[in-house]
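Letters A, B, ... mirror the listed sequences (proteins, then strands); counts begin at 1. Reckoned from all heavy atoms, side chains included, excluding hydrogens, waters and symmetry mates. In this text the structure is predicted, and so the values were computed from the model without any measurement.
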2 protein chains.
Amino acid sequence: MMTPIKMLLMIHVVVFGLKENRLHVLLEQQQGEWLLPGEELGVDEAMEETADRQIRRLTGVEESYLEQLYTYGDPQRVPGQRCISVVYFGMIPADTLNDEGAEPCHQKWFPVTDLPQLGYDHGEIVTYALRRLRYKLEYSAVGFELLPELFTLTELQKMYEIVLGEKLDKRNFRRRILEANIIEATPYSRMGEGRPARQYRYRADAVAEVKTRRLFP
Amino acid sequence: MMTPIKMLLMIHVVVFGLKENRLHVLLEQQQGEWLLPGEELGVDEAMEETADRQIRRLTGVEESYLEQLYTYGDPQRVPGQRCISVVYFGMIPADTLNDEGAEPCHQKWFPVTDLPQLGYDHGEIVTYALRRLRYKLEYSAVGFELLPELFTLTELQKMYEIVLGEKLDKRNFRRRILEANIIEATPYSRMGEGRPARQYRYRADAVAEVKTRRLFP
DNA sequence: CCAAAAGTGTTCTATGTACACCCATGC
DNA sequence: GCATGGGTGTACATAGAACACTTTTGG
């Protein structure tokens, strides 16, 4: 006789953040295994709420960027159980990212280039999330979610270089981002080692999607 | 006392096809309402299998293009029940599309420009699927899934015009698609009203994704 | 020989890319 | 006054857009 298989509906999150000039992902340790943060969907809760609550619990960040990534439901992905995971993809600003969350437990930020072995299919999920992040960065303005409210053009450029993994030309970068008209200068300017840098902020009213190039028109 | 709410996990499909020079979607009538085809996920079945089975059941098409679209799970979307829908997005070739499916019931192809009132949130789902189809058409080669194996360049161009809803320049279209090297000429040529047209087929080994244009580099 | 659809190149414009020097501040 | 990062413009190459006539068949 077969034991009835419980069908489990989980919400997981892949949260990205910048730290020490590298892109990091937040993981949680459970029974000795590193996993994406997640929990069962609340019966009366929207899926985004569950995801958002995870991020608040682990990072203390109240408002974070969040979008649905993919739903994983292969019958073999979790042994002995039918588990469907609706996975969300999040980003938090660099200045809100620190190793102790609101509820410090077995959580840790890992550089995406240096991940531990992940349980179940979570490694594959992170790989896909990373691909999506790079993709989106090229045709939308999600990147700003990784920066604090105010940033210099050099910081912005560095963020792009970190996530895309390639060097960009300073003059072309500045010209194009200013022409795109999605950021605005603020009167503040930040002192550092050399000449002070002007600070900018993202214009919330900016419509920042660009048409993709046609493969063939 | 509350009655326990059953959580229902459904697989739905949005299937697109070409007919009479218009883009159509397949719908099914249930209890007087037009809905996307769907059924409950089988306990031991991959989600794609369930989706694929729907398409076979309604169209008789054995191999169809299929990809995951989005997962809808708002607590209010289906009154009196918590229903999570993992929605797939499919396309079938024009020559396999006819109004009677393998199991002729209350199903019908509707032009996307002329849809009936849909139940639940299914109207919104179709709108999103359509947006995704147009988007994908511009940076990948999914469009070929809507055509029969052999097609003329004029048919190919017409398909693009139908889905994108805009006229394209014949010479530029031909040059670019031939340069992209994703289709190959066949010796066959089809007689019609005027001069015979060369037929082409999609090169299955073609890697047909293009980098998206950067919003800012 | 006429109707109907197939096929074919060139010019102009816009966009992307490569590249090197002066500027403002702190120490 | 020097070290450090901030800020700026131009010339060339590539890709996209606009555009009209000739060709092959059937009737």
Side-chain angles (χ1 to χ4, degrees), chain A residues 18 20-21 94 137-139 147-148 150-162 164-201 208-217, chain B residues 20-21 94 137-140 147-148 150-162 164-201 208-217:
Chain A
L18 289 179
E20 296 150 14
N21 283 339
L137 204 65
E138 304 212 332
Y139 66 85
L147 294 179
L150 298 179
F151 48 83
T152 67
L153 292 182
T154 303
E155 288 166 345
L156 181 60
Q157 178 175 349
K158 198 164 273 177
M159 181 272 287
Y160 272 85
E161 291 177 340
I162 290 169
L164 297 176
E166 60 181 302
K167 275 268 169 222
L168 302 174
D169 180 89
K170 183 159 72 163
R171 280 174 289 187
N172 293 335
F173 181 84
R174 285 165 186 243
R175 178 165 13 90
R176 289 180 59 183
I177 191 144
L178 292 174
E179 281 171 1
N181 209 33
I182 59 173
I183 60 175
E184 57 189 13
T186 70
Y188 311 101
S189 81
R190 212 216 24 209
M191 301 297 154
E193 290 219 28
R195 170 175 171 176
R198 174 136 235 169
Q199 287 190 298
Y200 291 79
R201 77 156 59 88
E209 288 228 355
V210 85
K211 241 181 131 48
T212 53
R213 180 190 300 153
R214 297 248 177 98
L215 184 50
F216 21 81
Chain B
E20 296 149 14
N21 282 338
L137 205 64
E138 304 211 333
Y139 67 85
S140 78
L147 294 178
L150 298 180
F151 48 83
T152 67
L153 291 182
T154 302
E155 288 166 346
L156 181 61
Q157 180 175 347
K158 198 164 275 173
M159 179 272 286
Y160 271 85
E161 290 177 341
I162 291 169
L164 298 176
E166 61 180 301
K167 275 267 167 224
L168 301 174
D169 179 89
K170 184 158 73 162
R171 281 173 291 189
N172 291 336
F173 181 84
R174 283 166 187 244
R175 177 166 12 88
R176 288 179 60 182
I177 191 144
L178 291 174
E179 280 172 359
N181 210 34
I182 59 172
I183 59 175
E184 58 190 10
T186 69
Y188 311 101
S189 83
R190 211 217 21 210
M191 301 298 153
E193 288 218 30
R195 170 174 169 174
R198 174 137 234 167
Q199 288 189 298
Y200 291 79
R201 77 155 59 87
E209 289 228 356
V210 85
K211 241 181 130 52
T212 53
R213 179 192 302 153
R214 296 249 177 98
L215 184 50
F216 19 85

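Donor-acceptor pairing under 3.5 Å is lacking for the side chains of A:Ser189 and A:Arg195.
Formation of a donor-acceptor pair under 3.5 Å by the A:Gln157 side chain with backbone atoms of A:Phe173 is not found in this model. B:Gln199 contributes no side-chain N or O that, together with a main-chain N or O of B:Ala185, makes up a donor-acceptor pair within less than 3.5 Å.
We find that CZ of B:Phe173 is positioned 18 Å from C1' of C:dG9, with the value rounded to whole Å. Whole-Å rounding puts the A:Glu155 CD to D:dG6 P distance at 9 Å. Regarding B:Leu168, its CG atom lies at a distance of 13 Å from the C1' atom of D:dG16, rounded to whole Å. Taking atom CG on B:Leu156 and atom P on C:dG7, their separation rounds to 12 Å, with Å as the unit. If you take CZ of B:Arg176 and P of C:dG7, they are 19 Å apart, rounded to a whole angstrom. In this structure, CD of B:Glu193 is placed 16 Å from P of D:dT25, rounded to the nearest angstrom. We find that CZ of A:Arg198 is positioned 12 Å from P of C:dT25, with the value rounded to whole Å. Between the CZ atom of B:Arg174 and the P atom of D:dA18 there is a distance of 18 Å, rounded to whole Å.
Rounding to the nearest 0.5 Å places NZ of A:Lys170 at 12.0 Å from CG of A:Asn172.
Here A:Tyr200 pairs with nothing under the ring-ring contact (aromatic ring centres under 6.0 Å, His included) rule; sequence neighbours left out. A:Arg201 pairs by the side chain to side chain contact (heavy atoms under 4.5 Å, CB included) definition with A:Glu149, A:Leu150, A:Glu184, A:Thr186, not counting sequence neighbours.
When each of C:dT17, C:dT25, D:dA18 is scored by its nearest atom to the side-chain atoms of A:Pro196, the top-ranked nucleotide is C:dT25.
Contact annotation for A:Thr154: backbone-only contact, meaning every heavy-atom pair under 4.0 Å involves sugar-phosphate atoms and none involves a base. At the heavy-atom level, B:Arg175 lies under 4.0 Å from base atoms of the strands shown.
End-to-end axis angle of the helix from C:dC1-D:dG27 to C:dC21-D:dG7, from C1' rotation axes over five pairs per end: 10° (rounded to 10 degrees).
Comparing A:Lys170 and B:Arg171 along DNA chain D, the residue whose closest nucleotide (by nearest heavy atom) sits nearer the 5' end is A:Lys170. When each of B:Gly194 and A:Gly194 is assigned the nucleotide of DNA chain C with its nearest heavy atom, B:Gly194 is the one assigned upstream, toward the 5' end.
The existence of a salt bridge linking B:Arg190 and B:Glu155 is confirmed by a sub-4.0 Å separation between a basic side-chain nitrogen and an acidic carboxylate oxygen.
You'll find a donor-acceptor pair under 3.5 Å spanning the side chain of B:Arg195 and the base of D:dT23, going by distance alone.
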